[in-house]
Amino acid sequence: MPRLTFLGHSSWLIEGARHSLIVDPFLNGNPKAALKPEDIKVDFVVVTHGHGDHVGDGIDIARRNNATLIANFEVATYCGHHGCETHAMHIGGAHRFPFGRVKLTIAHHGSGISREDGSFAYGGNPCGVVLTVDGKTTYHAGDTGLFLDMKLIGERDPLDVALLPIGDNYTMGVDDAVAAAGFLKAKLTVPMHYGTFPLIDTDPKEFVDKVRRNGQEARVVEVGESLEI
Ligand code: NI
Ligand code: MN
């Protein structure tokens, strides 16, 4: 039974029986972060795309823990050049790691990596990720708009949990994320990527109510709260 702890924004700590990983570890600079990068003890870091609020402290956490950073080829190569162990993958590909299986999916978004001088390093295509840990499968959508192929993601890997962005502006808003939940058919749907900044202030309770009205289970997980799946 893996434990999923919401660290704020799109950052999740996933602890299995023997290994732990962190997804999109945006902690420094995240006004709502539940933990500091130095508090994180993990074996793997998963990054969905190159934006700063997703790569976040990933390189630092991977280096500090001797953890392997898993991302698309372009983001993994960039992070590898900054001194951490990496495992590069790409969309549609799955791989078995010591903790379980990772499959990258499409996401409709950007993935450029901002440099200090205002230029971008090419970050390839953004991804979502299907993670199976201790036999339980979680879909972390990364940042994305709504897409019909979400039906395929749920069909190929029946989902225990779907973690969906609802903050609008950069990603799906509430109503598109409700439609996404309908396509994915996860046993439980949980909102993320809202409320971190005023621009993405949407109402997670509205989201949960609407998903439930469609006959599906959904709940808000507060920052710092854990979920056993
Ligand atoms: Ni993004
Ligand atoms: Mn984002």
Side-chain angles (χ1 to χ4, degrees), residues 6-14 21-33 37 40 42-65 67-95 97 102-131 138-147 149-150 153 163-172 177 180 192-194 196-197 199-200:
F6 186 39
L7 302 181
H9 202 56
S10 291
S11 185
W12 291 85
L13 182 66
I14 302 181
L21 56 141
I22 189 167
V23 185
D24 286 356
F26 172 50
L27 304 174
N28 259 329
N30 173 1
K32 302 251 168 98
I40 303 292
V42 289
D43 309 293
F44 292 87
V45 177
V46 178
V47 174
T48 60
H49 66 287
H51 291 166
D53 58 323
H54 296 262
V55 175
D57 306 290
I59 294 170
D60 177 41
I61 290 169
R63 287 174 65 160
R64 213 186 272 275
N65 288 276
T68 301
L69 185 147
I70 302 165
N72 77 22
F73 176 77
E74 292 82 0
V75 171
T77 303
Y78 176 91
C79 293
H81 277 290
H82 289 77
C84 63
E85 288 296 316
T86 62
H87 181 109
M89 299 181 66
H90 235 304
I91 293 164
H95 184 76
F97 292 88
V102 176
K103 185 176 187 181
L104 296 188
T105 73
I106 60 168
H108 291 312
H109 193 65
S111 186
I113 304 167
S114 294
R115 297 195 187 98
E116 301 258 318
D117 66 359
S119 68
F120 277 98
Y122 178 65
N125 288 318
C127 297
V129 58
V130 176
L131 290 159
T138 300
Y139 168 58
H140 184 297
D143 280 356
T144 187
L146 177 63
F147 55 92
D149 285 5
M150 285 177 176
I153 293 171
L163 308 172
L164 302 182
I166 66 159
D168 222 337
N169 193 76
Y170 299 110
T171 68
M172 297 186 284
M192 63 178 182
H193 209 275
Y194 63 88
T196 320
F197 312 109
L199 187 57
I200 58 169

### Message
To the nearest 0.5 Å, what is the distance between CD1 on Ile106 and OG1 on Thr144?
### Response
7.0 Å
What side-chain donor-acceptor pairs closer than 3.5 Å can you find for residues 77-88, not counting sequence neighbours?
unit_1, atom_1, unit_2, atom_2, d
Thr77, OG1, Phe73, O, 2.6
His82, ND1, Tyr78, O, 2.8

### Message
Please report the interatomic distance NE2(His109) to OG1(Thr171), rounded to the nearest 0.5 Å.
### Response
8.0 Å
### Summary
For Ala141 and Pro165, the nearest pair of non-hydrogen atoms, with its separation, is CB-CD, 3.8 Å
### Query
Can you name the nearest heavy-atom pair linking Met89 to His95, along with the distance?
CE-N, 3.6 Å
## Note on the structure
Shortest non-hydrogen pair, Gly145 vs Met172, comes out as C-CG, 3.5 Å
### Task
For residues Ser10 and Asp143, report the shortest heavy-atom separation together with the two atoms involved.
OG-OD1, 4.3 Å
### Query
Which value, rounded to the nearest 0.5 Å, describes the distance between Trp12 atom CH2 and Thr138 atom OG1?
9.0 Å
#### Entry: Asp53 and Thr196: CA distance, side-chain angles, deciding distance, side-chain contact (heavy atoms from CB on, under 4.5 Å) verdict
CA-CA 10 Å; Asp53 58 323; Thr196 320; over 6 Å; no
#### Entry: Closest non-hydrogen atom pair, Lys103 against Gly92
CE-O, 3.6 Å
### Task
Please lay out, stage by stage, how Phe97 and Ile70 fare under the test side-chain contact (heavy atoms from CB on, under 4.5 Å).
CA-CA 10 Å; Phe97 292 88; Ile70 302 165; 3.6 Å; yes
#### Entry: Nearest-0.5 Å distance, CZ of residue Phe147 to OG1 of residue Thr105
5.0 Å
### Query
Which class fits the ring pair His193 and His9: parallel under 30°, tilted 30 to 60°, perpendicular over 60°?
tilted
#### Entry: More than 12 heavy atoms of other groups within 6.0 Å of Arg63 CZ
no
### Task
Provide the full list of side chain to side chain donor-acceptor pair (under 3.5 Å) pairs with a residue in residues 21-30, sequence neighbours left out, each pair given once.
Asp24-Thr48, Asp24-His54, Asn28-Asp57
### Query
Just how far is it from atom CD1 of Ile61 to atom CG of Leu21, taken to the nearest 0.5 Å?
11.5 Å
### Point-to-point distance, once rounded to the nearest 0.5 Å, from CG of Leu163 to OG of Ser11
11.0 Å
### Query
With a 4.5 Å limit on heavy-atom distance, are the side chains of Ile40 and Pro25 in contact?
no
### Message
Just so I know, are the side chains of Met150 and Tyr139 near enough to count as touching, which here means a heavy-atom distance under 4.5 Å?
### Response
yes
For residues 116-129, which side-chain N or O atoms pair as donor and acceptor with protein atoms under 3.5 Å away, sequence neighbours left out?
unit_1, atom_1, unit_2, atom_2, d
Asp117, OD1, Ser119, N, 2.9
Asp117, OD1, Ser119, OG, 2.6
Ser119, OG, Arg115, NH1, 2.9

### Query
What are the two closest heavy atoms between Leu7 and Ile22, and how far apart are they?
CD1-CD1, 3.6 Å
